[in-house]
Amino acid sequence: MTMSLPILEVKDLVVEFPQRRGILRALDGVSLRVGPGEILGLVGESGAGKSMTGSAVIGLLDPPGRITSGEVWVRGRRIDGLAEAEMCQVRGKEIGAVFQDPLTALNPLYTVGQQLIETIQTHLGLSATQARQEAIALLVETGIPAAEQRIDQYPHQFSGGMRQRVVIALALCARPQLVVADEPTTALDVSIQAQIIGLLKRVCKERGAAVLLITHDMGVIAETCDRVAVMYSGRVVEEGPVAQVIQAPRHPYTAGLMAAIPDIDQETHRLAHIPGSMPRLDALPLGCGFHPRCAFADDQCRSGRPPLTDLGGRTAAACWHLDATGQQSKPAFAGSQSFMVTPASRVAADSPEVLAPLVEVRGLSRTFDVSDPWLSRMLSGGKRRHLRAVQEVSLSIPKGKTFALVGESGCGKSTMARMLVGLDHPTQGEVRFDGEPLHSALASAQSMALRQRLQMIFQDPFASLNPRWTVGDIVAEPLLEHRLVGSRAELSAQVGDLLTSVGLAAKDQQKYPHQFSGGQRQRISIARALATRPEFLVCDEPTSALDVSVQAQVLNLMQDLQRDRGLTYLFISHNLAIVRHLSDEVAVMYLGRIVEKGPTKKIFAAPRHPYTRLLMDAIPRTSGTNRDRAPIQGEVPNPLAPPSGCAFHPRCPRATEICATVDPEVKVVGGVEVACHWPHGL
Amino acid sequence: MIHWLKRFTESDVGASFFSSPVAWISFLVTIACVFGAAFSPWVAPHNPFDLATLDLSDARLPPAWVEGGRAAYLLGTDDQGRDMLSAILYGMRISLAVGFASVLLSVLIGVVMGLLAGYLGGWLDVFFMRLCDVMLSFPAILIALLIAGVGRALFPEAHESLAFGVLVISITLPGWVQYARTVRASTLVESRKEYVMAAQVIGVASHRIMFRHVLPNVVGPILVLATIHVATAIITEATLSFLGVGVPPTSPSLGTLIRIGNDYLFSGEWWIIVFPGLALMVLAVAVNLLGDWMRDAFNPRLRSGR
């Protein structure tokens, strides 16, 4: 395989963006080779240039970006600099592309069949009936049930996972030798992600197509790829066989990245993190792009750019200190491990005393009325429709602990978050905060005193800070609203203290949010939430928009703050590995209900509900490369028409007749509450 | 001021301004018009409203460069011996005043309604938006004629002093709708963003969230709309004055001047209509081009890399 002609060869590719203030170099000498039937993973954090490499290969760079030097070869033919008309022939025929968002990759005005048939006819010159047969065969191959009927449906009639299958079918329909897949699973839920990874792998192997898989997720890379190239700041810093790069990384960046990923199969107390964040394109450091964040950096790194050095065994890395890095195993990189601390909550968890709950939720339900307007209902005879976003959820969160809510999109976890901070009102049930009924207290005249005690951290650091306000004003707002400061000088001092406590500088007050990176913005968001000295913080996916190395920084910060200030967290996430790392107790939600709830240790050691078990299995792991797994079948049902009985039964491998008719009672199995007729281990 | 100018010249919008001749030429023309109009008593060579200086023997003189013209009356005189150039400058003053006043009022009403409708929603939203639909179902000119007519019928004597107010109201009434709709749409988007949720969790009162958080983030498109609307408002004012329901001939606006000139269109005194018409056109085109440039410059998606 090594000797044969590569399907894709990229040589010293440079992509530049002319700007008013000079030229930004987005890619700087990227070289890649993908052999026949090989899957090459391109991994890196946002801004590393991985998507740019994909766009450059398929000739779809956003203007004014352009290839200024280097070559792109596909099956022995040079394709950079081809005229647009010729490039159109290459795209589709030679290269198929799969993009991140299956919603925008398909034209909503044409049926799935029309789009497939058009592409097939353009590139293969088949007749209309032949092309239709071919399209149906493709849909069957990509695992779409009832393909003969569904081919005449429009994209909106397909669910997210099904749409991504159609996009894959579309990419493969002209039988290309190369597929460029840019974050093909990022927009999908974990259970669907596993199905799509499996599909992509199987179909490409069967057809012998080479794949360039671009993703930020090391787990996906580990499970899918043969080889991997790690990118940083527009350069490839390390390349090699997947197992080699993951288990014995040679570049300090790769090593740090691997150490920063929380491991779902192990208990960790503290994550290693790489300080700082990826440099912006307009402020690239001289020499090695990674040196400002690197523990090994010396004068050579600051002045000279390290070449990609061949290390034998088809591995290469770009670092001046490969001798030193080779000596060390991966955790040794992580300097922060030296002051590893057991969080206060963990210590308390082992002590026998039962802590009083700070937050108690009793039979909480939230139903949204999604009916048509009354006039339309009268005219067309439609009925009222209700969406039961949260159903009879009960939980209690002890003081100083972290309680995690886990589930896929649409399971009701964000509605729970909104209700717990009073942004939404429950239809039924109540929330008690420190013994007081929360929602009636928030409606009373003394609500401000209660509001001080609970705050929220949001998911999107780009939307959670008002872009027109300075950072100082943003952090000062809660202090002013709650009249916590007397004078202007005191305000400025307090804001400065808050910013310092989250690892920013007091002088950052004058800056605007757009001058900060994603991780720094999330720190500002945390500083604002801490301003009123709250006891309870609701964190709605606080790290899902962040890169792995930055995510570790934010998670560590949250742990430190919990230890120092005795905070209680409700942590909402879809990422089970983070939940295991951070939480004391966990509840798994499915379609608005809690299906399993208990201490994190017990649930991760032995999940009882089949859904929890399958969800854990579906997560791509960096250990155990090329692992085969049994993904959860099907997709999350429409919450407007939930299945009868146990909502999970259509996807459950253990389901029997009773599951389809009778709603399961909550049982206690091995110290864990589980709502299932046939839990594991009973 | 200098600091602000410096920031403008260094910003992307500033760069786009200086690299686009259309932008700075239309800006200079607009500024010249506004300046000439605002300071017309000092800039204009004559005072066309001072009856003492008018002499009917100077009536209908052609422009200075045409045979029979006089250097004192550069663009000629009208039927009452008023200097055309001065009349245009004074007329532009009224046109611009009506334009700015009605746009300001439209923006005020539209922004407040849009914010309330978008942020609070519910029946208020339904009510305001249906109100918009009703306003849009009448042609603007018809509403203006109706108000001007009713105003004249109610206060027959006071008409002249009320004329300005009636004009402003009749242009504002159909004008605020576009702002209300734009602001409502942007507010719907903004109020679902997390920074608004964060303010709600802190316990910030609704009116402060609307005006301190949401407003600064929806005001951009409003500035662009308003600039283009000034040109439209000036033309609407001219139309109304031309039809005889605007300001009275004793203090003529550009539209009134055009109406007066219309009577002389076929009798050879072309300058009485051509110059006010030209002035109106230049002003409207300049403001429109400026607005067009602003719309493109403030839209990051249309902003190219260079």
Side-chain angles (χ1 to χ4, degrees), chain A residues 16-24 62-66 373 414 417-418 420-424 442 447-452 454-469 473-482 513 521 524-525 528-529 531-532 534 537-538 540-541 545, chain B residues 3 7-20 119 121-123 125-126 129-130 186-223 297-298 300-306:
Chain A
E16 289 180 337
F17 280 73
Q19 297 277 307
R20 197 159 59 80
R21 273 174 254 259
I23 292 170
L24 298 185
D62 284 332
R66 54 166 200 260
S414 287
R418 291 175 56 86
L420 285 177
V421 289
L423 286 177
D424 203 352
L442 282 180
S447 66
M448 285 307 256
L450 181 59
R451 282 206 187 278
Q452 276 184 33
L454 45 117
Q455 283 296 313
M456 185 162 178
I457 301 171
F458 297 90
Q459 174 173 9
D460 183 356
F462 294 87
S464 64
L465 305 174
N466 192 336
R468 307 267 166 172
W469 285 33
D473 287 340
I474 289 171
V475 179
E477 189 179 32
L479 295 171
L480 292 170
E481 283 293 326
H482 291 274
R521 284 172 194 231
I524 298 169
S525 192
R528 170 179 60 192
T532 56
L537 276 183
V538 174
D540 189 1
E541 304 255 13
Chain B
H3 169 75
R7 258 185 62 180
F8 177 73
T9 52
E10 281 171 6
S11 68
D12 283 347
V13 173
S16 138
F17 178 78
F18 290 111
S19 65
S20 153
Y119 187 76
W123 64 267
D125 183 22
V126 175
M129 286 305 114
R130 292 303 81 77
S186 322
T187 305
L188 281 177
V189 175
E190 292 296 321
S191 57
R192 274 162 189 65
K193 287 197 179 163
E194 288 173 347
Y195 70 86
V196 172
M197 269 167 78
Q200 288 167 340
V201 173
I202 290 167
V204 183
S206 290
H207 65 273
R208 278 218 290 279
I209 296 183
M210 272 188 269
F211 288 98
R212 296 189 58 214
H213 281 281
V214 180
L215 184 58
N217 286 295
V218 301
V219 87
I222 293 307
L223 288 179
F298 288 117
R301 267 201 278 174
L302 291 177
R303 202 184 291 159
S304 66
R306 50 182 76 234

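Note that this is a predicted model, so its numbers are computed, not measured. Chain naming here is simple, since letters A, B, ... match the order of the sequence lines and numbering starts at 1 in each.
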Look up atom CG in A/Asp540 and atom CE in B/Met197, then write down how far apart they are to the nearest 0.5 Å.
-> 7.0 Å
A/Asp424 side, atom CG; B/Gln200 side, atom CD - distance, nearest 0.5 Å = 10.5 Å
Name the region of B/Arg212, side chain, backbone, both or neither, that has any atom closer than 4.5 Å to a heavy atom of chain A.
-> both
Shortest non-hydrogen separation from A/Pro467 to B/Asn217 and the atoms involved = CG-OD1, 3.2 Å
Between [options], which shows the greatest number of heavy-atom pairs under 4.5 Å with chain B?
| options | result |
| --- | --- |
| A/Glu477, A/Met448, A/Met456 | A/Glu477 |
| A/Thr532, A/Asn466, A/Leu442 | A/Asn466 |
| A/Glu481, A/Arg528, A/Gln459 | A/Glu481 |

[X] versus chain B, the contacting section by heavy-atom distance below 4.5 Å:
| X | answer |
| --- | --- |
| A/Leu423 | side chain |
| A/Phe458 | both |
| A/Ile474 | neither |

